[in-house]
Amino acid sequence: MCGIVGIVGRSSVNQTIYDALTVLQHRGQDAAGIVTIDEGAFRLRKANGMVKDVFEVKHMQRLQGNSGIGHVRYPTAGSSSSSEAQPFYVNSPFGISLAHNGNLTNTVDLMERLAEQRRHVNTTSDSEVLLNLLADELQHTSCRNLTEEHVFDAVAAVHKMTRGAYAVVAMIIGQGLVAFRDPHGIRPLVLGKHETEQGTEYMVASESVALDAVGFEVMRDVAPGEAVYITLDGQLYTRQCAQDPSHVPCIFEYVYFARPDSTIDKASVYASRVNMGTRLGDKIKREWYDLDIDVVIPIPETSCDIALEIARCMDLPYRQGFVKNRYIGRTFIMPGQQERKKSVRRKLNAIGAEFKGKNVLLVDDSIVRGTTSEQIIEMAREAGAKKVYFASAAPEIRFPNVYGIDMPTSNELIAHGRDSEEIARIIGADGIIFQDLADLVEAVRQENPDIQRFETSVFDGEYITKDVDQAYLDYLTALRNDDAKANRNMELGTNLELHNVCHP
Ligand SMILES: O=P(O)(O)OC[C@H]1O[C@H](OP(=O)(O)OP(=O)(O)O)[C@H](O)[C@@H]1O
Ligand SMILES: NC(=O)CC[C@H](N)C(=O)O
Ligand SMILES: [Mg+2]
């Protein structure tokens, strides 16, 4: 998952965008970038690394201007090379810079289409394709200045061509900032404002927490298919640009990706996780009524709220049996399995007294590759646990994700083609229990019953964009399994870092 932010302000926005990106860091740890508009030119800094490492004082000083966009990246397409860090830039028309959260499912077709238009895409990134599509549509207008109608027509045309998931923010030199969400609203996008003496400032971001952190007030979520256009002098326009929008947000945002203090599509992530705990706690009581569990222990960090609620439901003590190293990021979104594996032990350490001689129930939000659960169970046993049971607040993840979460290969998923007993045996648990999908859906719907359907393909294999067939999944497996990614990253390590040349 990536994080995006965009601001049209009344004074310098560099620090505000930086601060917002630090609060969205949990959505992408591979690369970060900011572009601002200053005196009719883009100022850009992007590179691999965490926000605090990418932007030094000298970069921040160059990022002048009252409007800009930012991105934190977790790659789901192309490579991890710094030349694929975002925002991307294209010089015509006007000069456009774009940042994207999500993943396109018809990138190959779109590339061909762009080639026919004699547009060059310099990387293997789907986001650069998206930028060129938008640019190509804006190119059709012959006016010197864009109106909101030109912008909205261009977004409508992009919607027609593009399949997959996308929340997008783009800056157009001399014109304004445009943000839009795919017609299913798979990825989140929220709009907010801040009143100043000079006038209203507007901001869009992946999560509401980014607005909270920098003192902006949340106005509303951007609707599926809707576009927001804010001119550089601060006029806000909005329009529905999709022909047949429907609201099908990604449920994994609530399970794992988003911060608990965010509200996405009017459903609090924290409250949804507590509800997941209540429902899973009830299931454990029903199905494991004869088990002798002494204590409930979360696997930090995302599962803590869920585990606390399970303990409450089951009337059992809740103990923080694992201490998290606060200087290590999320392991699941790291690029390779070797690194992910090594990081679990560097990140989490057991407190012996909480395990010795006890039957423990470990709780996690989800089990994806099983990297975390396998090692954590081993650590619990080394710390002296008698029995180790495992509960997952999400159902078994059996199908690839094609909408912005890097789970492209079913063979890398521990639950693919396996039942609970086999999974328990592999990770070394004495018993394992998963949330039912209906309960997971209701846990979030409890917070916003207007959401009729969620994007749940990783659990049930149903892809809302209808263009995902076995041939596409096979293509993705070949392209993005861990080995293929590692090879590609080595090859592209020296790729032309076209957009970074002026700010090393
Ligand atoms: O089965 P796996 O492939 O290990 O993936 C699942 C684990 O990865 C995530 O944790 P992560 O360390 O990324 O982040 P967190 O600290 O927010 O829990 C998630 O919360 C699970 O613990
Ligand atoms: N996780 C994401 O949103 C990734 C965005 C884009 N597909 C990239 O790989 O850069
Ligand atoms: Mg975790």
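Fair warning: this is a prediction, and the values are worked out from it, not measured in the lab.
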Q: Evaluate the criterion side chain to side chain contact (heavy atoms under 4.5 Å, CB included) for residue pair Lys52 and Tyr18; output intermediate values, then yes/no.
A: CA-CA 9 Å; Lys52 67 176 175 29; Tyr18 176 96; 3.9 Å; yes
Q: Go through the steps to decide whether Ile69 and Ile17 satisfy the test side chain to side chain contact (heavy atoms under 4.5 Å, CB included), and finish with yes or no.
A: CA-CA 7 Å; Ile69 61 177; Ile17 294 178; 5.8 Å; no
Could you tell me whether the side chains of [X] and [Y] share a donor-acceptor contact shorter than 3.5 Å?
{"X": "Glu455", "Y": "Ser457", "value": "yes"}
{"X": "Thr231", "Y": "Gln175", "value": "no"}
{"X": "Asn275", "Y": "Glu447", "value": "yes"}
{"X": "Arg119", "Y": "Gln139", "value": "yes"}
{"X": "Tyr403", "Y": "Thr465", "value": "yes"}
{"X": "Thr200", "Y": "Glu195", "value": "yes"}
{"X": "Asn481", "Y": "Thr477", "value": "no"}
{"X": "Asp406", "Y": "Thr76", "value": "no"}

Ignoring hydrogens and angles, tell me if any N or O in the side chain of [X] forms a donor-acceptor pair with the backbone of [Y] under 3.5 Å.
{"X": "Gln435", "Y": "Ser392", "value": "no"}
{"X": "Asp221", "Y": "Ala223", "value": "no"}
{"X": "Asp305", "Y": "Val269", "value": "no"}
{"X": "Arg181", "Y": "Val222", "value": "yes"}
{"X": "Ser262", "Y": "Ala258", "value": "no"}
{"X": "Arg340", "Y": "Met334", "value": "yes"}
{"X": "Gln86", "Y": "His100", "value": "yes"}

Q) Should the pair Phe42 and Tyr89 be assigned to parallel (<30°), tilted (30 to 60°) or perpendicular (>60°) ring geometry? A) perpendicular
Q.
Ring-plane angle category for Tyr254 and Phe454, please: parallel below 30°, perpendicular beyond 60°, tilted otherwise.
A. perpendicular
Q.
I want to check a possible cation-pi pair here: Arg330 against Tyr256, using under 6.0 Å from ring centre and within 45° of the ring axis as the test.
A. yes
Q.
Would Lys46 and Phe88 count as a cation-pi pair here, with the cationic atom under 6.0 angstrom from the ring centre and within 45° of the axis?
A. yes
**Q.** Evaluation steps, side chain to side chain contact (heavy atoms under 4.5 Å, CB included), between Val169 and Val5
**A.** CA-CA 7 Å; Val169 61; Val5 56; over 6 Å; no
Closest non-hydrogen atom pair, [X] against [Y]:
{"X": "Pro400", "Y": "Pro408", "answer": "CB-O, 3.5 Å"}
{"X": "Asp126", "Y": "Gly102", "answer": "OD2-O, 4.0 Å"}
{"X": "Ala170", "Y": "Leu134", "answer": "CB-CD2, 4.1 Å"}
{"X": "Gly185", "Y": "His247", "answer": "O-CD2, 4.5 Å"}
{"X": "Ala415", "Y": "Ile397", "answer": "CB-O, 3.5 Å"}

Q. Could you walk me through whether His150 and Tyr229 pass the side-chain hydrogen bond (donor to acceptor under 3.5 Å, both in side chains) check?
A. CA-CA 10 Å; His150 293 135; Tyr229 179 56; over 6 Å; no
Would you say [atom1] of [X] has more than 12 non-hydrogen atoms from neighbouring residues, nucleotides or ligands within 6.0 angstrom?
{"X": "Arg113", "atom1": "CZ", "answer": "no"}
{"X": "Gln338", "atom1": "CD", "answer": "no"}
{"X": "Gln470", "atom1": "CD", "answer": "yes"}

**Q.** Verdict with reasoning, Ser125 to Glu84, per side-chain hydrogen bond (donor to acceptor under 3.5 Å, both in side chains)
**A.** CA-CA 6 Å; Ser125 165; Glu84 302 204 15; 4.5 Å; no
